[in-house]
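Report on the structure given below.
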Amino acid sequence: MSSEVRTRFAPSPTGYLHVGGARTALFNWLFARNHLGKFILRIEDTDKKRNTAEAYQVIYDGLSWLGLDWDEGPHVGGNFGPYFQSERNSIYENYLNRLEKNGVLYEDEGAIRFRSPRKTVIVEDMVCGRVIFDMSHPGTHPDMTLRRPDGTWIFHFVNVVDDIEMKISHVIRGEDHLSNTPKHIELYEALGAPRPRFAHIPLILNHEGKKLSKRDGGASVDTYRADGYAPEAVINYLSLLGWSPGENREILKVPEILELFDIQSINRRNAIFDLDKCFWMNGQHILRMTLDRFAELALPFIEKAGVAYGSRERLLPVLAIVKEKIKVFRDVPEWIRYFFTEEFVIDPAAVENTLRKAGALDRLKALRDSYQALETWDLHHLESRLKETATQIGCKTGDLIHPARVAVSGRSVGPSLYHMLEILGQKSVLNRFEKTFRQFSL
RNA sequence: GGCGCAUUCGACUAGUGGUUAGGUCACAGCCCUCUCAAGGCUGGAGCACGGGUUCGAUCCCCGUAUGCGCUGCCA
C-alpha cells in the first residue's frame with residue numbers, strides 16, 4: 001500500500017490545454033496505469049484571477065477527449081482532496097507552521113522565505129540520471145519565497161505540500177522543472193517527508209525551436225478535436241515525442257502504447273512538434289479504424305455542416321467508400337454532401353478540365369443511353385456497361401469516368417466512380433446527367 | 001553572467017567500441033491506377049566541432065560552439 005504508484009497531472013487553468021501538458025499528462029497516466037497505480041488530477045489555481053469556469057472545463061474536456069481518465073480529482077473526488085489548490089489554504093498553513101517551528105523560515109519585507117540548508121543536492125532522475133546541484137551559494141541559488149505579503153502561496157511550496165499530502169510517488173513533469181527540483185527536495189527534507197521519484201521529460205518545441213506557445217499551430221488540444229483528429233491518433237503522436245518502442249514501430253493503438261511504454265527509455269532531448277506528421281498519423285489511424293468508429297467521430301462534423309443524410313442506414317455505405325480518403329474528420333462533409341442533395345456545389349475547375357473537353361458531353365450522352373437501359377444497377381454491371389460503352393464509341397474508360405464523376409458530384413476527386421453510382425442510384429444519376437447536359441451544352 | 005540539460009538526415013527517432021548508420025514524416029522521381037488517396041520501389045539528406053582514451057570511435061572522457069530550461073513575491 002505504501003508502495004502504491006501515484007502520479008499526478010497538475011495544470012493551472014490558463015484557458016487552454018497545451019499539447020506539452022497533454023503529453024505530460026499522458027506519460028503520468030501511462031506510468032500509473034502500467035503500475036496499477038493511481039493517476040490524480042490536481043488543479044493549481046493559486047493566485048490567478050482569470051480562473052474562469054471555462055478554464056477549468058477546458059482541462060477536463062481535453063483530458064477526457066484524449067481518454068486520460070483520472071482516479072482522483074475534480075468530479076471523481078478521492079481521499080486526499082480537495083484537488084484545487086485554492087481550497088487547500090489550511091493545509092498550507094499547517095505545513096508553514098511546521099517549517100516555522102523548525103526555524104527555517106524568515107520574513108523578508110512581509111514575504112515568507114525558506115532558509116536553504118546550503119548543501120549539495122543530488123537528484124536521481126528516472127530520465128536524466130544523476131544530476132548534482134551545488135546549492136551552497138546564495139548568489140546563484142537565493143532562498144526561495146513560500147508566501148507573498150498578501151498571503152498567497154508560491155508554486156514551489158504548495159506543489160511540494162500537495163505532493164506530500166497526496167502521497168505522490170512519482171513526479172513526472174516537464175524538464176523545465178529540473179532546475180527547480182533541488183529546491184523542492186530541500187522542502188521535502190525540511191518537512192521530514194520522503195521524496196518521490198522524479199522523472200523530467202523533454203519539452204516540446206515549435207518549428208523555431210522555442211517553447212511551443214499558444215500561437216503556434218497545434219499547441220492547444222482543443223484544436224485537434226475541432227479539426228477532426230482522432231484522439232487515439234493524437235495520443236499516438238504525442239507518445240512518440242521523446243519516446244519510442246523501437247523495432248521501427250510507429251502506428252500504435254492506445255493499449256499497445258500502454259503495453260510497450262517504459263519511462264526509462266524516454267530520451268532527454270527536446271522534440272520539435274511536427275503537425276504534418278501528426279496529420280499523416282491521423283490518416284493512418286482512420287485507415288485502420290472500424291467503420292463504426294469512423295462514423296462516431298465523423299458524425300459531429302456531418303451534423304454541424306448540416307448534411308441531411310437521412311438515416312444511419314443511408315449514411316454508413318457512403319462513409320464506407322470515402323473513409324480511406326479522409327485525413328481529418330473536418331473534411332468529411334464536403335466528401336459526402338452530394339450524396340444527399342441535388343444542390344451540390346460544382347467546381348469550375350473540374351468542369352473546365354473534363355466536361356469542357358472536346359466531345360465529353362457526347363460521350364456522357366452515350367453513357368446516359370447505356371445506363372438508362374441498365375436493368376441491374378450494381379457495381380459489376382455499372383462497370384461492365386461503362387467499359388462496353390467506351391469500346392462502342394471508341395474512347396478510353398477514363399474519358400467516360402471523369403465527366404461522369406463531375407456530372408454526379410461536381411468534383412474531380414472522389415471515391416471510385418462505380419461505388420458512387422451504385423449508391424446514388426439509377427434515377428439520381430440519370431437526373432444529374434440530364435442536368436449536366438442542360439447546364440453545359442452550348 | 002551563473003547553474004542545469006541536450007546535440008544522429010529539414011522533423012520525429014533506432015542504433016552499436018568495428019554497421020553499406022536503420023525506420024517514419026516531409027521532399028523528388030517511378031510503378032500501380034477511373035480521380036484523389038492508400039500501397040510499392042528508388043533517390044537526395046545525418047552522427048555539431050576540437051582534443052583525448054583505444055588497434056579502432058557516432059558510441060567513453062574533456063573542452064568549444066549552439067540550442068533549450070532555471071536563475072521571480074509566475075506556474
Side-chain angles (χ1 to χ4, degrees), chain A residues 10-14 21 44-48 85 108-113 123 125 127-129 131-135 137 139-142 144-156 158-159 173-183 200 202-205 207-211 237-251 265 267-281 283-284 286-287 322-327 335 350 353-354 383 386-387 390 396-406 409 411-420:
Chain A
S12 59
T14 57
E44 303 214 331
D45 54 349
T46 42
D47 73 329
K48 289 282 196 293
Q85 287 188 334
D108 176 19
E109 292 178 19
I112 310 286
R113 283 184 187 271
V123 180
D125 193 277
V127 172
C128 301
V131 186
I132 299 169
F133 295 88
D134 178 2
M135 305 294 282
H137 304 293
T140 57
H141 298 278
M144 72 182 123
T145 305
L146 305 190
R147 190 179 210 178
R148 301 184 188 87
D150 69 359
T152 57
W153 305 99
I154 300 299
F155 158 76
H156 303 293
V158 293
N159 184 269
R173 68 207 332 185
E175 199 220 57
D176 47 343
H177 287 299
L178 182 58
S179 297
N180 291 326
T181 304
K183 286 190 275 198
H200 288 92
L203 301 179
I204 299 180
L205 310 176
H207 273 294
E208 280 75 52
K210 307 288 183 194
K211 208 168 167 180
Y237 180 73
L238 291 179
S239 75
L240 295 180
L241 255 23
W243 174 75
S244 162
E247 299 176 324
N248 295 331
R249 297 184 65 178
E250 285 211 309
I251 304 299
S265 65
N267 69 37
R268 300 161 76 166
R269 191 192 174 198
N270 292 164
I272 291 175
F273 187 84
D274 183 12
L275 202 51
D276 281 345
K277 185 155 184 179
C278 188
F279 182 78
W280 166 81
M281 195 163 269
Q284 291 294 313
I286 287 176
L287 237 31
V322 301
K323 176 171 173 280
E324 62 182 6
K325 314 284 186 178
I326 299 295
K327 291 296 193 61
W335 277 78
N353 295 330
T354 55
E383 179 167 2
L386 183 141
K387 285 179 174 165
K396 292 185 290 189
T397 56
D399 294 331
L400 289 174
I401 286 169
H402 301 309
R405 174 177 286 111
V406 176
S409 74
R411 294 160 52 100
S412 58
V413 303
S416 139
L417 180 75
Y418 310 121
H419 289 85
M420 288 168 72

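Here is the naming used below: chain letters follow the sequence lines, and residue numbers restart at 1 for every chain.
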- Message: Taking the C1' atom in each of B:rU58 and B:rG1, what is the distance between them to the nearest angstrom?
- Response: 33 Å
- Can you tell me the Watson-Crick or wobble partner of B:rA28, both distances under 3.5 angstrom? B:rU42
- Complementary nucleotide for B:rC59 - Watson-Crick or wobble, under 3.5 Å: none
- Task: Indicate, with a heavy-atom threshold strictly under 4.0 Å, whether A:Pro415 touches base, sugar-phosphate, or nothing.
- Result: base
- To the nearest Å, how far apart are A:Leu400 CG and B:rC34 C1'? 10 Å
- Note on the structure: Picking from B:rA11, B:rC73, B:rU7, the nucleotide nearest the side-chain atoms of A:Ile272 would be B:rA11
- Separation of atom NE2 in A:His141 from atom P in B:rG2, rounded to whole Å: 13 Å
- Item | 5′-ward residue of the pair A:Asp108/A:Arg268 relative to RNA chain B | A:Arg268
- Message: Between C1' on B:rU24 and CD on A:Glu247, what's the gap in Å once rounded to a whole number?
- Response: 15 Å
- Ring centroid separation for A:Phe279 and A:Tyr237, is it under 6.0 angstrom? no
- Message: Between B:rG52 and B:rG10, how far apart are the two C1' atoms, rounded to whole Å?
- Response: 33 Å
- Message: Under 3.5 Å, is there any donor-acceptor pair linking the side chain of A:Thr140 to the base of B:rC3?
- Response: no
- Task: Counting Watson-Crick and G-U wobble pairs only, both distances under 3.5 Å, name the nucleotide matched with B:rC70, or none.
- Result: B:rG2
- Whole angstrom is fine here: how far is it from CZ in A:Phe273 over to C1' in B:rC68? 18 Å
- Message: Distance check, C1' atoms only: B:rG2 and B:rU19, in whole angstrom units.
- Response: 42 Å
- Note on the structure: Of the listed B:rU13, B:rU35, B:rG39, the closest approach to the A:Gln284 side chain comes from B:rG39
- Message: If only side-chain N and O atoms count, and only distance matters, is there a donor-acceptor pair under 3.5 Å linking A:Glu175 with A:Asn270?
- Response: no
- Regarding the side chain of A:Leu417, the nearest nucleotide among B:rC25, B:rA75, B:rC34 is B:rC34
- Proximity to the side chain of A:Lys277 - top-ranked nucleotide from B:rU71, B:rG23, B:rC73: B:rG23
- Message: What's A:Gly174 touching, base or sugar-phosphate or nothing? Going by heavy atoms closer than 4.0 Å.
- Response: nothing
- Query: Just checking A:Gly246: base, sugar-phosphate only, or nothing, at a heavy-atom cut-off of under 4.0 Å?
  - Reply: nothing
- Query: From B:rA11, B:rC73, B:rA38, pick the nucleotide closest to the side chain of A:Glu109?
  - Reply: B:rC73
- Query: Does the pair A:His156 and A:Asn180 meet the rule for a side-chain contact (heavy atoms from CB on, under 4.5 Å), with working shown?
  - Reply: CA-CA 8 Å; A:His156 303 293; A:Asn180 291 326; 3.5 Å; yes
- Message: With a 4.0 Å cutoff (strictly under), does any side-chain N or O of A:Ser179 reach OP1 or OP2 of B:rC5?
- Response: no
- Item | Which nucleotide in B:rU35, B:rA75, B:rG69 has an atom nearest any side-chain atom of A:His177 | B:rA75
- Indicate, with a heavy-atom threshold strictly under 4.0 Å, whether A:Ser416 touches base, sugar-phosphate, or nothing. base
- Paired with B:rU33 by Watson-Crick or G-U wobble geometry, both distances under 3.5 Å: which nucleotide is it? none
- Note on the structure: Of A:Leu178 and A:Glu250, the one whose closest nucleotide on RNA chain B sits nearer the 5' end is A:Leu178
- Pick base, sugar-phosphate or nothing for A:Asn180, based on heavy-atom distances below 4.0 Å to the nucleic acid. base
- Classify the side chain of A:Thr145 versus the base of B:rG72 as yes if they form a donor-acceptor pair under 3.5 Å and no if they do not. no
- Message: For a quick test of reading the model, state the closest non-hydrogen atom pair linking A:Lys325 to A:Pro415 and the distance between them.
- Response: CE-CA, 4.0 Å
- Item | Atom-pair distance (CE on A:Met420; C1' on B:rU35), nearest Å | 10 Å
- Message: Let's see if you can work this out: which of B:rC73, B:rA37, B:rG69 has an atom nearest to the side-chain heavy atoms of A:Leu203?
- Response: B:rG69
- Query: Which one, B:rA37, B:rC5, B:rA75, comes nearest to the side chain of A:Phe155?
  - Reply: B:rA75
- Note on the structure: For A:Lys323 and A:Leu287 the tightest heavy-atom approach is NZ-O, 3.3 Å
- Integer-rounded Å distance: B:rC12 C1' and A:Leu238 CG: 12 Å
- Message: Pairing check on B:rA65: which nucleotide meets the Watson-Crick or G-U wobble criteria with it, both distances under 3.5 Å?
- Response: B:rU7
- Message: Starting the side chain at C-beta, find the nucleotide from B:rG22, B:rC70, B:rA38 nearest to A:Asn248.
- Response: B:rG22
- Task: Would you please confirm or rule out a distance under 4.0 Å between OP1 or OP2 of B:rC73 and any side-chain N or O of A:Arg113?
- Result: yes
- For B:rA14 and B:rG23, measure between their P atoms and round to the nearest Å. 15 Å
- Message: Would you measure the distance from the P atom in B:rU8 across to the matching atom in B:rC47 and give it in whole Å?
- Response: 10 Å
- Task: Please report the closest heavy-atom contact between A:His200 and A:Gly174, naming both atoms and the distance.
- Result: CD2-O, 3.4 Å
- Query: Using a cut-off of 4.0 Å on non-hydrogen atoms, how would the nucleic acid contact of A:His137 be classed: base, sugar-phosphate, or nothing?
  - Reply: nothing
- In whole Å, what separates the C1' atom of B:rA48 from that of B:rC68? 16 Å
- Message: Taking the minimum atom-to-atom distance to the side chain of A:Lys327, which one of B:rA38, B:rG4, B:rU7 wins?
- Response: B:rA38
- For nucleotides B:rA21 and B:rC9, find the distance between their C1' atoms and express it as a whole number of Å. 11 Å
- Query: So, A:Ser244 side chain and A:Gly246 main chain: donor-acceptor pair closer than 3.5 Å or not?
  - Reply: yes
- Query: Expressed in angstrom and rounded to an integer, what is the separation of A:Arg269 atom CZ from B:rU7 atom C1'?
  - Reply: 6 Å
- Query: What integer distance in Å separates A:Arg147:CZ from B:rC73:C1'?
  - Reply: 13 Å
- Item | B:rC31 to B:rA11 separation - C1' atoms, rounded to the nearest Å | 27 Å
- Query: Given the rule in the side-chain contact (heavy atoms from CB on, under 4.5 Å) test, do A:Phe155 and A:His177 qualify, once you have shown the distances and angles that lead to the verdict?
  - Reply: CA-CA 11 Å; A:Phe155 158 76; A:His177 287 299; 3.6 Å; yes
- May I ask you to say what A:Tyr418 touches in the nucleic acid, namely base, sugar-phosphate or nothing, with a heavy-atom cut-off under 4.0 Å? base
- Give a yes-or-no answer on whether the side chains of A:Thr152 and A:Arg148 include a donor-acceptor pair shorter than 3.5 Å. yes
